[in-house]
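First up is the structure itself, then whatever we jot down about it.
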Amino acid sequence: MAITNTTENYGSVAKWMHWIIALLFLASYVTVYYRHWFTDKDTPENWISLQLHLSIGISILALVLLRIIWRISNTSPSPEPGSPLAHKTAKLGHYALYAIMIISPVTGYIGTGVETEYFFLFDIAKFEDTQLFNAVIHNGLGMTFKEFEAPIDKIHKEILGEYLVWLLILGHTLAALYHHIIKQDRTIKKMTSGRP
Ligand code: HEM
Ligand code: HEM
């Protein structure tokens with residue numbers, strides 16, 4: 001299997017990054033809703049599941065930055081036959097997925113009032129304690145962390161987390177299945193086995 005993309009298939013690096021990030025998205029949902037539904041406030045489980053959510057989210061941000069660098073320094077496989085509108089929609093959908101892979105973790109990080117204990121290995125300072133917060137939000141916009149946190153939290157949880165993110169991923173997954181089952185083309189194969 002080639003490391004880089006070819007005109008027929010995604011290469012191994014793009015495939016691994018795609019599927020690892022997909023699993024991390026699933027894990028970010030599992031951890032945060034495990035915390036909501038199955039843990040009580042102020043218990044170790046409640047804290048551990050929150051910290052796992054934060055660590056997974058930050059890992060997604062780090063990986064997607066590498067993925068974007070890899071993506072722009074590589075060719076992309078040619079699309080399967082389809083109308084120009086279908087190709088444009090697929091492209092737009094992919095850009096939207098890249099956007100949420102960045103905006104979700106960034107809004108999560110800047111709207112969180114606790115440090116991230118990254119997989120309990122080392123600590124990452126909370127945004128409120130950074131020079132950037134002080135220079136831009138506190139001194140520049142004259143806002144306290146509490147004032148800044150409320151709208152950012154709304155975007156992270158109520159707009160992205162509860163709706164946009166999973167709906168986009170669902171649409172993307174259904175589109176992939178439509179190609180595989182109904183159109184029976186190579187769309188899924190390009191991102192998996194690479195077989196003809
Ligand atoms: C792609 C990455 C991420 C996704 C998809 C995501 C998704 C979510 C979802 C679905 C929720 C629950 C929304 C609700 O209240 O119903 C949530 C809550 C939260 N997220 Fe994220 N998140 C991500 C990254 C992050 C990061 C990087 C941080 C901070 C470093 C973070 C901090 C939080 C916090 C503090 C909550 C509230 C937890 C709670 O109320 O139990 N998230 N996120
Ligand atoms: C079970 C879930 C998933 C399936 C079956 C799936 C399937 C696929 C397939 C078949 C492609 C190739 C499409 C093409 O070449 O036209 C693709 C590309 C892509 N997928 Fe997924 N995917 C899944 C989950 C995700 C998730 C969770 C994300 C991110 C949040 C994501 C982001 C992307 C992006 C950005 C591309 C475009 C890659 C590029 O050309 O740079 N996928 N996916």
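Counting from 1, the numbers follow the sequence of the chain as shown. One-based numbering, in listed order, for ligands and for the atoms of each. Only a predicted model underlies this, so the values are computations on that prediction, with no experimental measurement involved.
Under the 4.5 Å side-chain criterion, counting only non-hydrogen atoms from C-beta, Tyr98 is in contact with Arg71. Thr6 is listed as a side-chain neighbour of Asn9, based on a closest heavy-atom distance under 4.5 Å. With contacts defined as side-chain heavy-atom distances shorter than 4.5 Å, the pair Leu52/Val30 does not qualify.
A heavy-atom cutoff of 4.0 Å around ligand 1 is satisfied by the protein residues Phe25, Ser28, Tyr29, Val32, Tyr33, Arg35, His36, Leu50, His53, Leu54, Gly57, Ile58, Ile60, Ser104, Pro105, Gly108, Tyr109, Thr112, Thr116, His156, Lys157, Gly161, Glu162.
Atom 21 (Fe) of ligand 2 has no N, O or S atom of His94 closer than 2.8 Å.
No part of Glu80 comes within 4.0 Å of ligand 2, judged by heavy-atom distances.
Taking the six-membered ring where tryptophan is involved, the planes of Tyr33 and His36 are perpendicular, since the angle between them exceeds 60° and thus also 30°. By the 30° and 60° cut-offs, the orientation of the rings of Phe127 relative to Phe133 is perpendicular.
Contact atoms of ligand 2 toward Ala22: 24 (C), 27 (C) (distance under 4.0 Å to a heavy atom of the residue). Contact atoms of ligand 2 toward Arg67: 32 (C), 33 (C), 34 (C), 35 (C), 36 (C), 38 (C) (distance under 4.0 Å to a heavy atom of the residue).
A donor-acceptor pair under 3.5 Å links the side-chain atoms of Ser78 to the main chain of Thr7, judged by distance alone.
If you take CG on Leu61 and CD1 on Ile103, they are separated by 11.5 Å, rounding to the nearest 0.5 Å.
Taking any N or O of Tyr98, backbone or side chain, at least one lies under 3.5 Å from an N or O belonging to ligand 2. Remark: ligand 2 and Trp19 share no N or O pair separated by less than 3.5 Å (distance only, no angle test). No N or O atom of Thr173 sits closer than 3.5 Å to an N or O atom of ligand 2. For the pair His172 and ligand 2, the shortest N or O to N or O distance falls below 3.5 Å.
Counting only residues at least two apart or in different chains, side chain to side chain donor-acceptor pair (under 3.5 Å) contacts with residues 118-132 comprise Ser59-Tyr118, Lys126-Asp129.
Between Glu8 and Arg186 there is no salt bridge, since none of the side-chain N atoms of the basic residue sits less than 4.0 Å from a carboxylate O of the acidic one.
The environment of Phe120 atom CZ is dense: over 12 non-hydrogen atoms of other residues, nucleotides or ligands sit within 6.0 angstrom.
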